[in-house]
Amino acid sequence: MSHLYQPQKIEPKWHRIWQETAAHKTPERSEKPKYYCLDMFPYPSGSGLHVGHLRGYVLSDVWARYKKLQGYNVLHPMGWDSFGLPAENDAIKRGIHPRINTEKNIQNMKRQLEKIDAMYDWSREINTSSPEYYKWTQWIFLKIYKKGLAYRKMVPINWCPSCKTGLANEEVVNGRCERCESPVTKKNLMQWMLRITRYADRLLQDLDKLDWPEKVKTMQTNWIGYSEGAEVVFKALSARNKEEFDIPVFTTRPDTLFGATYMVLAPEHELVEKITSPYQEKEVQDYVRQSERVPEVERLSEVKQKTGVFTGAYAINPVNGEKTPVWISDYVLLAYGTGAIMAVPAHDRRDFEFATKFDLPIREVIYSQEAERKKGGSLKEAYLEEGKLINSGAFNGLSSQEAREKITQHLARKKLGKKSVSYKLRDWVFSRQRYWGEPIPIIYCSRCGEIPVPEKNLPVELPQVEKYQPTGTGKSPLENIPEFVNTTCPGCGGPAKRETDTMPQWAGSSWYFLRYPDAHLEEASFEKETANYWLPVDTYVGGIEHAILHLLYSRFFTKVLYDLGYIGFDEPFQQLFNQGMVCKRSKRTGKVEKMSKSKGNVVSPDVLIEKYGIDTVRMYELFIGPAELDCEWQDQGIEGIFRFLKKTWNLISKWERESAQEDRETQRRLHLLIRDVTERIEAFKFNTAVSSFMEFINFLNRPEILTRGVKNKTIETFLVLLAPFAPHFSEELWERVGHSESIFKEEWPLYDRSLGETKFLTAVVQVNSRVRGTLTVTKDAPEEKVREEARRIEKVRKYLEGKEIKKVVYVPGRIINFVTTTTKG
RNA sequence: GCGAGAGUGGCGGAAUCGGUAUACGCGCUAGAUUUAGGAUCUAGUGAGGAAACUCAUGCGGGUUCGAGUCCCGCCUCUCGCACCA
């Protein structure tokens with residue numbers, strides 16, 4: 001047996017043994033309390049894993065193993081999010097069919113993941129692009145459909161001209177495609193939509209129940225974007241045929257209603273065509289057409305210059321009967337509120353800008369002394385604060401707050417308004433015009449109309465095809481496959497056509513956490529009782545990049561399934577932890593950036609594992625910095641961990657046969673280690689947990705301890721603490737100190753306060769808050785005695801000489817501070 | 001513009017309650033060992049100073065016996081949102 005630390009020998013050995021003994025298999029039934037620790041499953045990319053991906057997996061694995069040692073029945077599964085744009089784009093780039101490419105990538109990434117020897121129960125592996133799995137994704141879609149939460153609509157959607165598909169609102173970042181960063185354009189398409197907006201209030205309210213980082217909660221809150229206000233109806237007269245129309249608007253400031261001097265409709269608003277006067281028609285049409293063409297990015301960048309056109313029509317302000325002109329402008333968004341606004345230029349920054357540019361009247365209705373004014377006394381900029389109402393008829397003198405109530409009530413009586421709330425959240429565009437996704441299980445029959453595929457006919461399998469490239473026409477590539485498209489109607493048996501759009505990348509991941517508890521169940525997507533046992537997920541670990549998309553969609557699916565009675569919980573993830581990104585200086589850009597292939601700054605774990613072994617890599621991933629913050633990878637830093645493990649190995653190998661007389665200080669240090677490691681794991685401070693191991697080993701390496709030796713029990717406790725971090729290392733030494741059972745069957749050690757605390761403490765002695773010495777005291781030593789002893793310290797005496805002591809501050813066992821009359825000692 | 005987080009040695013970073021700032025690691029310096037390189041071990045390592053000491057946690061104030069930590073005002077960086085009526 002070798003006495004050198006050779007990870008290359010011991011790691012494969014334990015990898016094999018754990019496999020043979022099914023050590024990581026989670027039992028179906030157990031007496032123990034359950035614990036569900038989940039990683040955000042990866043999409044199988046061609047470039048494989050780099051050390052940045054590993055960080056989260058190592059972190060969750062330490063946590064899962066810790067929970068196991070604490071006596072929980074731990075579920076820690078892994079799978080593949082293999083449908084969707086990233087997988088498909090990767091396949092297209094390589095010219096390999098997505099199915100084949102995905103399989104290949106899964107194999108490669110699984111090989112890499114197996115190397116880190118996380119406690120994954122691979123018997124529960126799932127793959128969202130396998131028919132056994134997506135059968136149930138389709139099934140859930142049908143449930144959503146039958147609940148009336150899925151509908152088809154012709155809408156101007158976000159279109160990525162590069163990916164050649166529609167995108168959800170959540171997938172557009174600063175007017176660009178989240179994936180490829182191409183500017184997004186608008187396209188009118190018949191789309192499947194999910195009514196996530198119906199859940200807006202619950203998605204918002206229930207954030208309170210969750211143990212999530214505030215940052216993520218804030219991001220979701222802002223995304224859902226709740227505002228309180230009123231809906232107010234303006235009666236508009238068409239300038240074309242004198243027909244009357246209602247134009248409802250949403251406002252958060254009904255108190256400024258008397259200041260509404262004009263109205264603006266979004267260019268795409270359905271009333272535009274109906275009310276525009278013949279004289280204005282050409283100008284309006286030009287403007288509408290132009291704003292359709294302008295990509296989102298430009299529209300956003302033109303924040304400074306407002307544009308717009310008058311429709312020729314007027315609407316009646318319901319509080320004062322005033323005729324206000326109706327304009328159109330792209331600063332009004334069709335998708336928010338009602339797609340139309342009442343413009344109050346005196347009290348809204350954007351309206352002020354627009355009114356100034358087009359010379360529209362500006363009427364102040366909130367009194368303000370503080371407002372900045374031009375020479376003539378008119379406003380220099382919009383006054384946004386609340387205040388007392390002026391120029392508001394019967395409501396003059398009321399505060400904004402009172403006026404909001406009163407004016408809304410007044411309108412409600414006249415049936416021209418009511419209290420209302422508005423959300424920024426929009427319905428989820430669920431159609432993708434791409435090949436690599438779950439086919440939407442709907443059939444169109446000329447006789448029976450839109451018909452869901454009967455559940456017994458699921459899955460609607462994705463056909464094996466040669467050509468899978470996106471068409472760019474707004475139709476999915478599936479449209480060109482007659483064998484797929486043409487089918488018979490489940491209603492009347494006549495000829496019918498299939499829906500050819502596929503689901504977005506997020507579909508499969510919106511419910512996968514429900515699948516792991518019974519991953520290969522054939523007769524259902526999941527079993528209620530099993531799901532209720534395991535879920536919600538106790539700890540969910542993954543990157544911040546999913547703060548909105550995946551987490552919001554998963555919460556939505558969970559709530560729908562809860563409402564349908566399929567599960568007994570309405571939030572999927574109780575605790576969320578976001579690990580920071582691993583960065584490295586890129587030679588190409590010269591900046592410290594997130595690891596990515598395009599930046600040329602990726603570090604592959606394969607070489608490192610070969611050289612140092614996975615235990616070293618695991619511990620370095622944790623040691624590198626606070627888990628929740630971004631960190632910079634330093635190639636040399638890993639040496640320190642390797643040295644630590646070697647040092648520890650040598651120390652323990654040396655002692656394995658010794659029975660020693662152990663001193664109390666060693667016991668004390670051991671118990672402090674138990675306390676610190678436990679506390680630091682609990683707080684996800686893995687970097688400092690690793691340092692506490694180092695400090696303990698440095699202590700054991702002191703000459704006096706080396707000669708005296710330590711008890712086997714001490715070493716054993718140390719190994720159990722270390723086991724979640726360096727599992728092979730600990731397992732091997734555990735065996736070498738004489739155990740035949742796995743170390744992971746042990747119990748997590750408990751801190752014994754009576755052993756961890758000492759009778760004597762080191763108190764600091766200060767004169768005028770400057771350290772002049774230390775004193776060994778007992779915790780309950782009387783202050784008088786401590787004072788006396790402290791004053792006997794030579795330096796203290798020196799600084800106190802000739803001074804009058806004004807005050808003495810004593811914190812028992814910690815500090816004694818003599819304050820003298822002069823400030824400087 | 002709004003919101004959140006961060007700023008501590010040459011570097012990554014520690015510092016439960018306001019109580020010895022710089023734990024732990026990297027790097028560096030010197031020595032030991034080694035044919036050499038590497039590895040390992042020992043000692044040292046915030047700055048100034050011969051020392052006594054003094055000064056240092058982005059900047060400027062404040063509270064306190066005592067501030068990296070609390071309060072006020074700035075600066076810089078990162079992330080998120082951004083015409084949301």
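Just so it is clear, the structure is predicted and the values come from calculations on it, not from any experiment. Letters A, B, ... are given to chains in the order of the sequence lines, protein chains preceding strands, and every chain is numbered from 1.
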message = Work out how far the C1' atom of B/A15 is from that of B/G49, and round it to whole angstrom.
response = 28 Å
query = Under 4.0 angstrom, heavy atoms only, what part of the nucleic acid is A/K594 near: base, sugar-phosphate, or nothing?
reply = nothing
inquiry  = Students often get this wrong, so: under 4.0 angstrom with heavy atoms, is A/N817 touching a base, only sugar-phosphate, or nothing?
reply    = base
inquiry  = If you compare every side-chain N and O of A/K215 against the phosphate oxygens of B/C79 (OP1, OP2), does one of them come in below 4.0 Å?
reply    = no
query = Any N or O donor-acceptor pair linking the side chain of A/K806 to the base of B/C65 at under 3.5 Å?
reply = no
inquiry  = Tell me the interatomic distance from A/E231, atom CD, to B/A85, atom P, rounded to whole angstroms.
reply    = 14 Å
query = Using atom C1' of each nucleotide, how far apart are B/C81 and B/C26 to the nearest Å?
reply = 38 Å
query = Does a nitrogen or oxygen in the side chain of A/N687 sit under 4.0 Å from OP1 or OP2 of B/A14?
reply = yes
request  = Check whether any side-chain nitrogen or oxygen of A/K807 sits under 4.0 Å from OP1 or OP2 of B/C65, and answer yes or no.
outcome  = yes
message = Counting only Watson-Crick pairs (N1-N3 plus N6-O4 or O6-N4) and G-U wobbles (N1-O2, O6-N3), all under 3.5 Å, who is the partner of B/A6?
response = B/U76
task = Determine the contact category for A/E679: base if any of its heavy atoms lies under 4.0 Å from a base atom, sugar-phosphate if only primed atoms, P, OP1 or OP2 are that close, otherwise nothing.
result = base
query = What nucleic acid atoms does A/R349 come within less than 4.0 Å of, heavy atoms only: base, sugar-phosphate, or nothing?
reply = nothing
query = Does B/G19 have a Watson-Crick or wobble mate here (both distances under 3.5 Å), and if so which one?
reply = B/C65
ask   = Is there side-chain contact between A/T648 and A/F729, with at least one heavy-atom pair below 4.5 Å?
value = yes
query = Heavy atoms under 4.0 Å, any strand shown: does A/E214 hit a base, just sugar-phosphate, or nothing?
reply = nothing
ask   = So what does A/S692 touch, heavy atoms closer than 4.0 Å: a base, only the sugar-phosphate, or nothing?
value = nothing
request  = Could you tell me whether A/E704 atom CD has more than 12 heavy atoms of other residues or ligands within 6.0 Å of it?
outcome  = yes
Partner nucleotide, any strand, of B/A30 [Watson-Crick/G-U, under 3.5 Å] = B/U42
task = Answer yes or no: does a side-chain N or O of A/R643 lie under 4.0 Å from OP1 or OP2 of B/C26?
result = yes
request  = May I ask you to say what A/R675 touches in the nucleic acid, namely base, sugar-phosphate or nothing, with a heavy-atom cut-off under 4.0 Å?
outcome  = base
ask   = Taking the same atom, P, in B/C55 and in B/A21, what whole-Å distance lies between them?
value = 12 Å
task = Mind checking A/D351 for me? I need base, sugar-phosphate or nothing, with any heavy atom below 4.0 Å counting as a touch.
result = nothing
query = Counting only Watson-Crick or G-U wobble pairs whose two distances fall under 3.5 Å, which nucleotide matches B/U35?
reply = none
message = Under 4.0 Å, heavy atoms only, any strand: does A/K217 hit a base, just the sugar-phosphate, or nothing?
response = nothing
